[in-house]
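What follows is a set of notes on a single structure, which appears directly below.
Both counts, for ligands and for their atoms, begin at 1 and track the order of listing.
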Amino acid sequence: MGIVNVTPDSFSDGGRFFDAALALDHARRMASDGADLIDIGGESTRPGAAPIVLEEELARVIPLAETLARDGIAVSVDTRKPEVMRAAIAAGAAMINDVCALTVEGALDACAASEVGVCLMHMCGEPRTMQQAPSYGDVVAEVRDFLLARAQACIAAGIAPSRIVLDPGFGFGKTLAHNLALLRALPDLAAAGYPVLAGLSRKASLGQITGRGVGERLPASLAAALAAVARGAAIVRVHDVRATVDALKVWLAVEARSPMG
Ligand code: 9MG
């Protein structure tokens, strides 16, 4: 999954793709580099980010989603708002990626009324404050229990289990120790039977481990993507598609899991 942030304040690309034409080029490039899915977000979810109004989010995301879907590129729309979900589905999105796991009123119904996939992510708190003092008794159990409860809520609302993806939400109200514990325990989450999505690309935890700034985290991001796939992640959400695809091809060939093997 390639990331396109159509925001002026993304942590990872500093708003480079806020311009619609640049965002479209970037998305097409990621698709030709091997991304199976392009995740478009119009509202920043980085720590400290403030929410934006509905009209602004619609204007940032929907025309791009429509164009890519018309090109035959599978699109995921990263949003918490049911109105944006409905518009994204009408525009041809294949997946709704919700960092609030469809907990906002109306979100479950917006997705249930369609055939889209849904990515349910765990977040402790909300983006503005989530990194202030994240705390858990047992982070792995709490995240897993939350995600499985949200999957059940989806199923009760009429969303087939085959449409559900789970995501532990690396960096969303988690310390480095929490993120590492969740990454190590990814096989347990995958054992629940839903595809697991892992988003570690360029995140702060990688900076904490390596001492690198956000622009220098490609090697760390590749290592994190491989570590996640080796532990059962079915989807990795990344900024650097070309490099990640190459790294995964080598890893899969070694594991004899691809035609090259
Ligand atoms: C929008 N967004 C930012 N980071 C993310 C992550 O790790 N997972 C998902 N599903 N979405 C994310």
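Using a 30° and 60° split on the angle between ring planes, Tyr136 and His122 fall in the tilted class, from 30° to 60°.
You'll find the side chain of Ser44 stays beyond 4.5 Å of the side chain of Asn5, heavy atoms only. Val143 is not listed as a side-chain neighbour of Cys124, based on a closest heavy-atom distance of 4.5 Å or more. Between Ile40 and Thr79, the closest side-chain pair of non-hydrogen atoms is not below 4.5 Å. At least one side-chain heavy atom of Leu248 sits under 4.5 Å from a side-chain heavy atom of Val236.
Against a heavy-atom cut-off of under 4.0 Å, Cys119 is close to the following atoms of ligand 1: 10 (N). Interface atoms of ligand 1 facing Gly199, defined by a heavy-atom separation under 4.0 Å, are 7 (O). Close contacts of ligand 1 with Asp78, meaning ligand atoms under 4.0 Å from a residue heavy atom, involve 1 (C).
Scanning all protein heavy atoms for the shortest distance to atom 3 (C) of ligand 1 gives Arg237 NH1, 3.2 Å. The protein heavy-atom contact nearest to atom 8 (N) of ligand 1 is Asp167 OD2, 2.5 Å. Looking only at heavy atoms of the protein, atom 11 (N) of ligand 1 is closest to Asn97 ND2, 3.1 Å.
Exactly one of Asp167, Ile96, Ile235 qualifies for a side chain to side chain contact (heavy atoms under 4.5 Å, CB included) with Cys119. That residue is Asp167.
Residue Phe172 places no N or O, backbone or side chain, under 3.5 Å from any N or O of ligand 1. Of the N or O atoms in Asp39, none lie within a sub-3.5 Å distance of an N or O in ligand 1. An N or O contact shorter than 3.5 Å links Lys203 to ligand 1 by distance.
Transitive grouping of hydrophobic side chains (ILVMFWY, heavy atoms separated by less than 4.5 Å) keeps Leu37 and Phe170 in distinct clusters.
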